[in-house]
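All residue numbers refer to positions in the sequence shown, counting from 1. If you're wondering where the values come from, they're calculated on a predicted model, not measured in any experiment. All ligand and atom numbering here is 1-based and tracks the order in the structure.
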Amino acid sequence: MKNSIKVFAPATVANVVCGFDVLGFAVNEPGDEVEMRFTDTPGVVIKKITGDDGRLPLDSAKNTVSASVQHYLKHINRLDVGVEIELHKKMPIGSGLGSSSASTVAGLVAINKLMGDLLTAKELVPFAMKGEELACGYGHADNVAPALLGGFVLVRSYEPLDVISLPTPAGMYAAIVYPEVDVPTKDARQMIRSKVALKDAVTQWGNVAGLVSGLFMNDFDLIGRSMQDVLVEPTRSILIPGFEEMRKLATENGAIGFGISGSGPSVFALTRNEETARIITKSQQQHLHKININSKAFVSPVNAEGPRVI
Ligand code: HSE
C-alpha cells in the first residue's frame with residue numbers, strides 16, 4: 001500500500017446556464033492539488049495550505065477537504081487511520097469555478113486511493129457534497145460530480161442521489177473569464193427567488209432537455225439555443241461587471257452559448273474550437289480592463305478524465 005499521494009482535481013462550470021444545481025462540466029485547467037500521507041496518530045490534520053492568501057481554515061472540522069476525508073474514514077469504519085494533508089490552491093477562491101469542490105474532490109480521491117480504491121468515483125459524490133454543505137450551506141452536486149467523473153454530468157435527482165454522465169461533443173472548448181470581484185456562493189444563493197412561475201419553469205425544463213439532447217446529438221446549435229436561463233441569471237448577472245457586454249462579445253465572436261459559471265462572477269462560453277475560445281476571452285478581458293476590472297482567463301477543452309494522480 002502507498003504511504004503518500006498527490007492528486008489534481010479540476011475546476012468545474014456548474015449549472016451550464018439552464019441547469020441550476022443539476023448540470024455541470026469539468027475543464028482541464030485550472031484545478032487544485034492535494035498531497036496526503038499516512039501518520040501514526042489517528043485523525044485528519046491540515047498541515048499546510050498554499051495559494052489561498054490565508055483565507056481557508058486550517059481547523060480540520062471547518063476545512064472542506066479534511067471534513068469530507070473524515071466522513072469517508074468514518075463511513076469505511078477506519079477512524080483509526082491518521083493522515084496529514086497539504087492543500088495547494090491553484091485556482092481563485094469564490095470565483096464560480098468550483099474552487100471548494102476541486103479541493104474536496106482532490107482530497108477524497110487521495111484518501112480513496114491510499115485506502116485501496118474502496119469506493120467508485122460515483123460513490124464518492126455524497127462525501128464531496130458534505131464539503132459543499134460546509135462551504136456554502138447547501139450540499140449541491142453540480143460541481144463535485146463533474147470534478148469527480150470528468151465531462152458533462154447531470155444530477156437527475158438529489159433524493160435519492162442519481163448522477164448521470166453525459167457525452168461531450170468532440171472539439172468543444174470552454175472560454176472562461178474571471179472578473180476579479182468576490183461573489184461567495186453562499187450570498188449568490190441567497191439572492192435567488194425560492195418560488196418560480198410555471199411559465200418560467202416550462203421554459204427552463206425545455207432548455208435543460210434541449211441541452212442534454214444537444215450533447216447526445218452533437219448538435220451545437222441546439223446546445224446554444226438551450227443555454228438560456230430565465231430563473232437565476234437575471235438576478236445574479238447584476239453582480240457581474242460587464243456581463244451584458246461580455247455576452248455580446250461572446251455571441252459576436254461565434255460562441256455556441258454564454259452565461260454565468262456556477263454562482264459567478266466567472267462567465268463562460270462554449271465554443272467549437274480553441275481559436276474561437278481565445279478570441280472571446282481576449283475581447284472580454286479587454287472590455288473588463290477598460291472598465292477597470294482585473295481578470296483572469298482560462299481556455300480549456302471539456303475535461304474528460306476527472307481527477308488524476310500526479
Ligand atoms: N449550482 C450552484 C449555484 C453552483 O448556482 O449556486 C455553485 O457553484
> Around atom CE of M191, are there more than 12 heavy atoms of other residues, nucleotides or ligands at under 6.0 Å?
Replying inline: yes
> Who passes side chain to side chain donor-acceptor pair (under 3.5 Å) against D187, sequence neighbours left out?
Replying inline: none
>> Test question: given the 4.5 Å side-chain rule for I, L, V, M, F, W and Y, name all other residues clustered with V202, or answer none.
In response: L198, W205
> Under the criterion side chain to side chain contact (heavy atoms under 4.5 Å, CB included), which of T276, V299, V302 is the partner of Y173?
Replying inline: V299
> Is there a side-chain contact between S101 and E132 (heavy atoms, below 4.5 Å)?
Replying inline: yes
Listing, residues 253-265 side-chain donor-acceptor contacts under 3.5 Å, not counting sequence neighbours, or none:
from : atom 1 : to   : atom 2 : distance (Å)
N253 : ND2    : L249 : O      : 2.8
S261 : OG     : G96  : O      : 2.7
S263 : OG     : T185 : OG1    : 2.9

>> For a quick check: using heavy atoms under 4.0 Å, what are the residues in contact with ligand 1, sorted by chain and number?
In response: A14, N15, F20, D21, H140, D142, N143, T185, R189, R236, G262, S263
